[in-house]
Amino acid sequence: MIRVALPKGRLGERAYEALAAAGYACPSILEKNRKLIFEDPDQTVRYFWAKPSDVSIYVERGAADVGIVGRDILLEYRPEVYELLDLKLGRCRMCVAGPEDFYDDPDRLLRVATKFPHIAAEYYESRSRDIDIIRLNGSIELAPIVGLSDVIVDLVETGKTLAENHLTPLETIAEISARFICGKVSYKFNHSEILRMRDALEKNL
Ligand code: PRP
């Protein structure tokens, strides 16, 4: 049986659809309930719903063989996993965003609010720009509006949240999409099954 960690939410539902189309259907997962683990009747696959930022932890530590995770999580947490396929789902960009009239005064420490402190730190380090990172957990767009930060580092998909809050993307840090990952130990002992799943997913891209 192959154990698959899926990110709870819309991306996870789309990832499950891709897996079902690739031959790994598990109809019970579509039941509307609060269960977290589902197995198909033939017991070839077991799905878990995990918090999106935790998927790579389950995979890295071998509690799941494979998982679907946004590239943002891989860039932020750098888990020790293999990235086997770009599923091209959930496409968005990691951006620096701020007020439309933002001017970066080099004489001042730049205050950056974000859920992705490592990505932000690495990006500004590469530009030799000193920053003060303000780690938030959500609704990041609020920070520059109320004066908590100068800019934000966050995901931009449609750009609607920024536009409706009078903010604009200023720089793109990375292109993001969902990735099919596997654990190093699982790969060693289970690679033919894992590669079969990877190849079946790739055929339907
Ligand atoms: C994400 C992201 C932005 C928004 C971008 O937030 O952090 O706020 O989506 O999408 P858009 O460009 O299509 O408007 P999410 O909904 O995950 O919630 P969060 O505020 O808790 O991070």
Side-chain angles (χ1 to χ4, degrees), residues 4-19 29-30 32 34 36 47-60 64 67-79 81 83 86-102 104 110-127 129 131-181 205:
V4 184
L6 292 173
K8 238 190 285 182
R10 205 162 57 93
L11 177 63
E13 284 163 21
R14 293 183 64 197
Y16 168 72
E17 281 165 23
L19 283 155
I29 208 169
L30 301 172
K32 291 271 173 259
R34 295 195 168 210
L36 298 173
Y47 289 106
F48 315 153
W49 288 123
K51 191 175 155 79
S53 54
D54 291 344
V55 165
S56 61
I57 301 174
Y58 285 91
V59 174
E60 185 177 32
I68 309 286
V69 65
R71 184 171 178 240
D72 51 321
I73 303 298
L74 300 177
L75 294 175
E76 179 63 23
Y77 298 102
R78 304 249 166 219
V81 295
E83 187 184 315
D86 179 356
L87 291 169
K88 306 197 178 333
L89 295 173
R91 286 192 211 230
C92 54
R93 292 181 294 151
M94 184 66 68
C95 286
V96 177
E100 278 150 23
D101 59 357
F102 171 71
D104 187 2
L110 184 68
R111 297 171 306 159
V112 182
T114 187
K115 265 196 296 200
F116 303 97
H118 293 117
I119 293 175
E122 204 170 74
Y123 176 71
Y124 282 104
E125 214 173 280
S126 73
R127 302 168 68 98
R129 179 70 170 101
I131 62 169
D132 176 13
I133 293 185
I134 302 161
R135 167 89 168 78
L136 297 178
N137 297 300
S139 300
I140 314 297
E141 292 82 358
L142 184 60
I145 302 171
V146 300
L148 179 65
S149 75
D150 301 305
V151 293
I152 63 174
V153 166
D154 200 15
L155 293 170
V156 180
E157 190 181 352
T158 60
K160 227 172 144 187
T161 312
L162 290 180
E164 288 186 4
N165 290 291
H166 310 291
L167 300 171
T168 191
L170 299 167
E171 291 147 57
T172 296
I173 298 177
E175 299 292 335
I176 305 295
S177 57
R179 305 298 160 105
F180 179 66
I181 59 169
L205 283 182

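In each ligand, atom 1 is the first atom listed, and ligand 1 is the first ligand listed.
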Check: residues 152-171 side-chain donor-acceptor pairs under 3.5 Å, at least two apart:
{"unit_1": "Thr158", "atom_1": "OG1", "unit_2": "Lys160", "atom_2": "N", "d": "3.2"}
{"unit_1": "Asn165", "atom_1": "ND2", "unit_2": "Thr161", "atom_2": "O", "d": "2.7"}
{"unit_1": "Glu171", "atom_1": "OE1", "unit_2": "Tyr123", "atom_2": "OH", "d": "2.4"}

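- Taking a cutoff of 4.0 Å between a charged side-chain nitrogen and a carboxylate oxygen, Asp150 and Arg111 qualify as a salt bridge.
- When every heavy atom of Ala50 is checked against every heavy atom of Val55, the shortest pair comes out as CB-CG2, 4.0 Å.
- In this structure, CZ in Phe180 is found 6.0 Å from CD1 in Ile68, a value given to the nearest 0.5 Å.
- A pairwise comparison of heavy atoms in Val59 and Gly67 identifies CG2-N, 3.8 Å as the closest pair.
- When heavy-atom distances to ligand 1 are checked against 4.0 Å, the residues falling inside are Lys115, Gly138, Ser139, Glu141, Asp154, Leu155, Val156, Glu157, Thr158, Gly159, Lys160, Thr161, ordered by chain and number.
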* **Derivation of the salt bridge (charged side-chain N to carboxylate O under 4.0 Å, His left out) call for Arg129 and Asp104** => CA-CA 10 Å; Arg129 179 70 170 101; Asp104 187 2; 2.6 Å; yes

